[in-house]
2 protein chains.
Amino acid sequence: MDAAEFRRRGKEMVDYVADYLENIEKRQVYPDVEPGYLRSLIPEEAPEEAESYEDVVKDIERVIMPGVTHWHSPYFYAYFPTAHSFPAMLADMLCGAIGCIGFSWAASPACTELETVMLDWLGKMLKLPEDFLAGTEGRGGGVIQGTASEATLIAFLAARSKIVKLIQADHPDRSETDIISKLVAYSSDQAHSSVERAGLIGGVRMKKMPTDSKFSVRGAALQKVLEEDRAAGLIPFFFCATLGTTPSCAFDCITELGPICNAEQIWMHIDAAYAGSAFICPEFRPLLNGVEFADSFNFNPHKWLLVNFDCSAMWVKKRSDIIGAFKMEPLYLKHDHQESGIVTDYRHWQIPLGGRFRSLKMWFVFRMYGLKGLQAYIRKHVGLAKEFESLVRADQRFEISADVVLGLVCFRLKGSNELNETLLKRINRARKIHLVPCQLAGKFVLRFAVCARTTESRHVQEAWSHISHLASELLQELHKCQQTQYLAFNIG
Amino acid sequence: MDAAEFRRRGKEMVDYVADYLENIEKRQVYPDVEPGYLRSLIPEEAPEEAESYEDVVKDIERVIMPGVTHWHSPYFYAYFPTAHSFPAMLADMLCGAIGCIGFSWAASPACTELETVMLDWLGKMLKLPEDFLAGTEGRGGGVIQGTASEATLIAFLAARSKIVKLIQADHPDRSETDIISKLVAYSSDQAHSSVERAGLIGGVRMKKMPTDSKFSVRGAALQKVLEEDRAAGLIPFFFCATLGTTPSCAFDCITELGPICNAEQIWMHIDAAYAGSAFICPEFRPLLNGVEFADSFNFNPHKWLLVNFDCSAMWVKKRSDIIGAFKMEPLYLKHDHQESGIVTDYRHWQIPLGGRFRSLKMWFVFRMYGLKGLQAYIRKHVGLAKEFESLVRADQRFEISADVVLGLVCFRLKGSNELNETLLKRINRARKIHLVPCQLAGKFVLRFAVCARTTESRHVQEAWSHISHLASELLQELHKCQQTQYLAFNIG
């Protein structure tokens, strides 16, 4: 395919994409396929000879679309949102064309510098403390990670490296493995599985902290475990706080936890993967109070800020902490401007050596929406969640299982876990909308997350009347069944 | 921006991309900017109000392009190639539109299943042993990682987890940290920095093995260090072999190393990040002989197989090894089809929880080039490297520093390291072509890697005459300088 054909095919693809998104509501949100469906639809081997573009394109509807879960359908309410916008897609096309790999300043200066400045822009939108910004002389700064999992892992490893060096400074004879064997890290029992995984990867014990009735870790809980662990000869060094947990969007109390971590020389990392985007609105910014105590902070613009995956924004107060943990300098990566103070080599900030020119997406989205447009988008989603919450609260058969703070509603039928599992199965098998569950204090709970950019009030109303209808059916069946059993019992 | 505007702007962007690529030769391959150039060109904060698309687009040439290193210019010969093709860009547009996150089968069945099947297709192109393929009943299989660094890390962590379990099975009282403190992993002293980093991350000592005159690790070298380390009470568990090292594209001797690793229960991972693409050609496939001894194998189609970044292909013989190391199952990620044998949940195979629908790029590229087209592409690049090699060899002032096997030529002026450093500086400062150096056996060496898809013989000829001209200038200056010194000395 040459550039001339690309012009033609690219424009056709633009239309295909626009058609897909304009008509996404008409597609079934969750597919009907069974595991293994795809293999039988295509050859067992790649073709020897080139195929025509027409042949490839017609297979999109035949092979791919029947197996797609449509994350951007307004009937998709599962997991958390993944961001999606036209400006981000345009920027991604440019990113693909430039196709540079940004591992060092020299590898493509624009790629590195736009990333640093975009993270400053975004940090200012969030009113992050100055310490986290790069500016021209800052000791902190931001980086785009692929996912929040990687940000957590990087923070965890930087903290591990820092504590080992700190202890070895006083006790030069203590080995790294000996120190690591005594380390202990903490997170909420509501934290994302990736936090526990960071502990596994780093070979360090990770303790899950109990949460209060709002599913938040409180200062007293941390204080207690720190005392016990220090008494047992362990070395606490890392606390991963969550703002907006995956199960219920709960918020750890970082205004209590932060000062404890600071006093005890424990690295506090904040994972606000989903909720972070909301902090650009003044009314939600108080949820971030306490960030001034953190060593690192992360959230995913690729979840809720209209920047397509992958774009996970991470800031650190001291870039030397993160660089110190990973720096490697083979000759083929050295360049003239290294270590000149103003230059950032992002390869020292991340697990992969390099990445795509991802900051272009942020630049396009921030400029084409403007801060006000982005705020309006967040507020609309929160409004839709509140609307769904009122519908649930108005129905005596249901209960709300956790405070609705942002775009997630946790709810359930009053009754057993089995009843709610059955309801969810029926919802998902009906294929009209798609939801996933969570577990809160031993209860099986349904999560309704406002996800798609195009979700409107009518979709939420429709979703609720569908759920409510399926619940009525289920409860009636149950009632009949109970009557039959009662009769059977009384006759028998 | 609505779908209607996206149709218009998307088509404009397709033309911009085509224009950029058709005219890339006219742009200076390496930019003139100084560190910090970009910050002063754009506002300090994101705009409050939305800007027009015109405003954003005109800034591409004003802000971005002056700072871009043009990796797809036929004058770019630095690092290794990063892949780029029109079919891959079209697939990426589709990937952005679907915008699903593939962490489990249920999250988007097509995304998971196409990945599994594409890795089988690619494995067959490489004639990988059957063990590495998923098929419908295989115990192995492939996954797309973001980068080779992540593949190495995943293999390393899986191996660490496996050896710990193995030892604990016999000695249930031995703690994980105690075992880890005795572990030792190995790689070539020519291996990529990410291998050493995997050791750092995993908290395990990593030893660099000496290489022979061809920069290859040989069996005898491994045997020797294994004996020493076992005698010292250490536990060897992981060897990362490199096929196509970053400095000189050297090949570790895996036919010797593999049997040793198998006999000693050491996990052998093969990192063929760059060279792997060439193994689709029968004439280069012998370089992969010995892969049958490996536990895991990885290379980057995003380097040399026309699939845009990121797409690093990794295979394992036993998927249970890799899954066992990381499996976490929170309720919100469970789904009906889990563990049904045929279902793959890729979140257990990688560091991030999820990824983009990256297999679409492979599918488009494999079909639109066909195996023969891809082979022709590899052969063309190798041919260009051989052409450059002959030019170097024909010039008595230069020497070739390592065997030219694929698309990389390592060369230098006969003479001091300083002389070669000066030559490289002048080459890069002239901005006509772009190269990076490496160090081989203490010598400063210039690396000429054939990178761009559009590089032709005339570019290689031009690059050589430019280098040769700069070398002549440099040698003449040196000669004059020596004469002056001689005269000064004799008069003085």
Side-chain angles (χ1 to χ4, degrees), chain A residues 1 3 6-7 10-11 13-14 17-18 22 33 35-36 38 45-51 56 64 67-69 71 82 84 86 89-90 92-93 96-97 99-101 108-110 113 121 124 146-147 149 177 181 193 203 328 330-332 337 342-343 352-353 366-367 370-371 373 436 438-439, chain B residues 1 3 6-7 10-11 13-14 17-18 22 33 35-36 38 45-51 56 64 67-69 71 82 84 86 89-90 92-93 96-97 99-101 108-110 113 121 124 146-147 149 177 181 193 203 328 330-332 337 342-343 352-353 366-367 370-371 373 436 438-439:
Chain A
M1 183 180 281
F6 174 73
R7 285 181 204 270
K11 289 166 194 177
M13 185 57 87
V14 166
V17 166
E22 280 189 317
V33 298
L38 185 140
E45 294 190 32
E48 282 279 321
E49 307 287 343
E51 294 181 59
V56 177
I64 304 301
V68 169
T69 304
W71 282 61
T82 184
H84 196 272
F86 292 118
M89 281 188 276
L90 292 169
D92 241 359
M93 287 164 68
C100 61
I101 306 297
S108 210
E113 297 206 4
W121 276 23
K124 288 176 190 171
T147 58
S149 310
T177 50
S181 72
S193 52
M328 308 252 158
L331 185 59
Y332 50 84
H337 285 297
I342 202 167
V343 174
L353 182 71
F366 297 165
R367 294 181 67 184
L371 179 56
V436 295
C438 69
Q439 192 138 26
Chain B
M1 183 180 279
F6 174 72
R7 284 180 204 272
K11 289 166 193 177
M13 186 57 88
V14 166
V17 166
E22 280 189 317
V33 298
L38 184 140
E45 294 188 32
E48 281 279 321
E49 307 286 343
E51 293 181 59
V56 177
I64 304 301
V68 168
T69 304
W71 281 61
T82 184
H84 198 272
F86 292 119
M89 281 188 277
L90 292 170
D92 241 358
M93 287 164 70
C100 62
I101 307 297
S108 210
E113 297 206 4
W121 275 23
K124 287 174 190 172
T147 57
S149 310
T177 49
S181 73
S193 53
M328 308 251 158
L331 185 59
Y332 50 84
H337 285 297
I342 201 165
V343 174
L353 181 71
F366 296 165
R367 295 180 67 184
L371 178 57
V436 296
C438 70
Q439 194 138 25

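Values below: all heavy atoms of this structure, side chains included; hydrogens, waters and symmetry mates excluded.
Considering only heavy-atom pairs separated by less than 4.5 Å from chain B, the leading option among A:Gly203, A:Gly146, A:Gly99 is A:Gly99. Looking only at heavy-atom pairs under 4.5 Å with chain B, the residue among A:Asp92, A:Ile64, A:Thr177, A:Val68 that has the most is A:Ile64. The candidate with the highest count of non-hydrogen atom pairs below 4.5 Å against chain B, out of A:Pro47, A:Ser149, A:Gly373, is A:Pro47. Counting heavy-atom pairs closer than 4.5 Å to chain B, the top residue among A:Ala3, A:Ser181, A:Ala46, A:Gly10 is A:Ala46.
The closest donor-acceptor contact from the side chain of A:His84 to the backbone of B:Gly96 lies under 3.5 Å.
In this structure, the side chains of B:Met93 and A:Met93 come closer than 4.5 Å at one or more pairs of heavy atoms. In this structure the side chain of A:Glu45 never reaches within 4.5 angstrom of the side chain of B:Leu371, judged on heavy atoms.
Interface residue B:Glu22: only side-chain heavy atoms are found under 4.5 Å from chain A. The contact between B:Thr69 and chain A is made by backbone and side chain atoms together, counting heavy-atom distances below 4.5 Å. Of the two parts of B:Lys124, only the side chain, counted from C-beta on, holds a non-hydrogen atom closer than 4.5 Å to a non-hydrogen atom of chain A. If you measure heavy-atom distances from B:Thr147 to chain A, the contacts under 4.5 Å come from the side chain alone.
Of all heavy-atom pairs spanning B:Leu90 and A:Met13, the tightest one is O-CE, 3.6 Å. The shortest heavy-atom contact between A:Phe6 and B:Val17 is CE2-CG1, 3.7 Å. Between A:Gly36 and B:Glu113 the shortest heavy-atom distance is N-OE2, 2.6 Å.
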